[in-house]
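Structure record follows, encoded as structure tokens.
The chain is numbered in sequence order, starting from 1. The figures here come from the full heavy-atom set of this structure, side chains too, leaving out hydrogens, waters and symmetry mates.
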Amino acid sequence: MSSRGSGGRSNGALPQTKICQFKLVLLGDMAVGKSSLVLRFVKGQFDEFQETTIGAAFLAQSVCLDDTTVKFEIWDTAGQERYHSLAPMYYRGAQAAIVVFDITKPETFERAKAWVKELQRQASPNIVIALAGNKADLAEKRLVEYEEAQAYAEDTSLLFMETSAKTAMNVNEIFLAIAKKMPKTDTQNPTHAARHRGVNLQDPDAQSTRACCGGN
């Protein structure tokens with residue numbers, strides 16, 4: 001009788017949404033807008049005078065895909081050269097990365113290429129890498145052509161979008177595109193996730209239920 005009762009409770013009562021957790025790192029030169037992109041994605045905010053990141057900052061946000069909630073644990077790294085040596089500590093074990101450059105500063109695009117090479121050489125073999133040409137709201141000051149960045153992304157098998165943290169252009173979309181490329185069977189075991197990602201699973205619902213399909 002007890003088994004019949006428990007079966008009755010589980011019939012349609014439990015949500016079928018899977019929650020997959022992935023570590024995502026943002027890399028790029030200083031002042032390209034990495035922190036602004038994360039702030040826009042996680043909190044739907046933009047600060048014209050965003051403070052420079054020191055070391056790295058951690059935030060979390062979720063994306064809904066059909067029957068799966070993809071939770072990103074986001075490491076926003078500092079762009080200053082003196083913090084470069086710390087970067088491997090943050091991209092080690094990451095399943096995804098967004099490499100950001102400023103479309104008005106060609107040198108940041110070259111720096112982005114260097115980050116991509118480093119990730120492809122030293123990060124996880126199956127890491128999903130997206131290239132973000134940020135500050136698209138400053139298109140009249142553009143010095144990196146869309147076609148140039150697109151061709152580079154195609155040659156190196158990257159996702160590519162131009163974004164604007166200021167106007168929110170393609171911010172949610174780039175994270176969504178990454179989420180769609182992530183494996184959905186890799187993180188079903190919470191202890192596996194915690195062991196390999198150092199994730200705090202004490203409150204698994206805090207972000208996913210509040211932020212999943214709401215307005216970012």
Side-chain angles (χ1 to χ4, degrees), residues 17 19-66 68-79 87 90-91 93-103 108 112 115-116 119 123 127-138 149 153 158-182 184 187 193 197 199-200 203-216:
T17 300
I19 298 178
C20 297
Q21 299 186 194
F22 298 104
K23 179 181 177 181
L24 182 150
V25 62
L26 276 91
L27 299 165
D29 213 345
M30 63 180 298
V32 295
K34 299 185 299 296
S35 298
S36 294
L37 284 174
V38 176
L39 188 65
R40 172 64 78 178
F41 176 58
V42 174
K43 299 184 179 179
Q45 300 173 357
F46 176 77
D47 184 352
E48 192 79 49
F49 305 102
Q50 178 73 31
E51 291 185 6
T52 300
T53 302
I54 298 175
F58 174 80
L59 297 95
Q61 179 60 296
S62 298
V63 171
C64 280
L65 296 175
D66 298 325
T68 303
T69 296
V70 176
K71 179 178 179 180
F72 286 120
E73 290 122 7
I74 304 167
W75 288 96
D76 169 26
T77 66
Y90 298 108
Y91 65 64
Q95 288 87 9
I98 300 178
V99 180
V100 186
F101 70 94
D102 179 344
I103 68 167
T108 67
W115 278 119
V116 170
L119 286 171
I127 190 170
V128 174
I129 305 175
L131 180 67
N134 197 36
K135 305 192 182 181
D137 53 286
L138 300 178
L158 311 178
L159 290 167
F160 171 63
M161 291 186 190
E162 288 195 343
T163 58
S164 170
K166 186 172 185 177
T167 67
M169 170 186 163
N170 281 343
V171 175
N172 288 355
E173 286 80 359
I174 197 167
F175 283 93
L176 181 61
I178 294 169
K180 288 179 178 179
K181 289 184 72 73
M182 304 306 296
K184 307 304 186 298
T187 58
R197 298 169 181 79
V199 177
N200 182 349
D203 188 10
D205 296 323
Q207 286 288 347
S208 59
T209 56
R210 178 171 54 83
C212 175
C213 300
N216 295 335

- Determine, step by step, whether Leu176 and Leu65 satisfy the side chain to side chain contact (heavy atoms under 4.5 Å, CB included) criterion, reporting the C-alpha distance in whole Å, the side-chain angles of both residues, the deciding distance to 0.1 Å, and the verdict. CA-CA 8 Å; Leu176 181 61; Leu65 296 175; 3.4 Å; yes
- Ser35 OG to Arg40 CZ distance, which is reported to the nearest 0.5 Å: 14.0 Å
- Nearest atoms (heavy-atom pairs only) where Leu131 meets Ala149: CD2-O, 4.2 Å
- Message: Please find the pair of heavy atoms, one from Ala31 and one from Lys135, that lie closest to each other, and give the distance.
- Response: O-NZ, 2.8 Å
- Looking at Leu27, Asp102, Ile103, Leu26, which hits side-chain contact (heavy atoms from CB on, under 4.5 Å) with Val32? Asp102
- Task: Determine the sole option in Ile129, Thr77, Val99 for which the side-chain contact (heavy atoms from CB on, under 4.5 Å) test with Val25 is passed.
- Result: Thr77
- Item | Any donor-acceptor N/O pair, Lys166 side chain to Ala136 backbone, under 3.5 Å | no
- Roughly how far, to the nearest 0.5 Å, is CD of Glu73 from CZ of Phe22? 9.5 Å
- Message: Show the nearest heavy-atom pair for residues Thr163 and Ala132, with the distance to one decimal.
- Response: OG1-CB, 4.0 Å
- Message: Please check: side-chain N/O of Gln95 versus main-chain N/O of Lys23, any donor-acceptor pairing under 3.5 Å?
- Response: yes
- Find out whether Met169 and Asp137 are in side-chain contact, i.e. whether some heavy atom of one side chain is under 4.5 Å from a heavy atom of the other. no
- Could you check if a side-chain atom of Ile178 sits within less than 4.5 angstrom of a side-chain atom of Phe72, using non-hydrogen atoms only? yes
- Query: In Å, rounded to the nearest 0.5 Å, how long is the span from CG of Leu59 to NZ of Lys43?
  - Reply: 6.5 Å
- Note on the structure: Contacts of Phe101 meeting ring-ring contact (aromatic ring centres under 6.0 Å, His included) (sequence neighbours excluded), chain-then-number -> Phe109
- Task: For the residue pair Phe41 and Phe175, categorise the inter-ring angle as parallel (less than 30°), tilted (30 to 60°) or perpendicular (more than 60°).
- Result: parallel
- Atom CG in Asp66, atom NZ in Lys180: separation rounded to 0.5 Å? 8.5 Å
- Message: Looking at Glu162, is its backbone amide N or carbonyl O close enough to the side chain of Asn170 to form a donor-acceptor pair, meaning the two atoms are under 3.5 Å apart?
- Response: yes
- Between CD of Gln61 and CG of Leu39, what distance do you get to the nearest 0.5 Å? 11.5 Å
- Message: Restricting to side-chain hydrogen bond (donor to acceptor under 3.5 Å, both in side chains), what partner residues turn up for Thr108, sequence neighbours left out?
- Response: none
- Quick check: does any side chain N or O of Lys34 sit under 3.5 Å from a backbone N or O of Val100, one acting as donor and the other as acceptor? no
- Taking every non-hydrogen atom, the tightest pair across Ala87 and Trp115: CB-CH2, 3.6 Å
- Item | Heavy-atom pair with the smallest gap, counting every atom of Gly33 and Asn134 | CA-ND2, 3.6 Å
- Heavy atoms only: give me the nearest Ala97-Ile127 pair and the separation to one decimal. CB-CD1, 4.0 Å
- Item | Check: Cys64 main-chain N/O paired with Thr69 side-chain donor or acceptor under 3.5 Å | no
- Task: Mind checking the OH-CG spacing from Tyr91 to Leu24? Nearest 0.5 Å is all I need.
- Result: 15.0 Å
- Would you call Ile174 and Leu159 a side-chain contact if the rule is heavy atoms closer than 4.5 Å? no
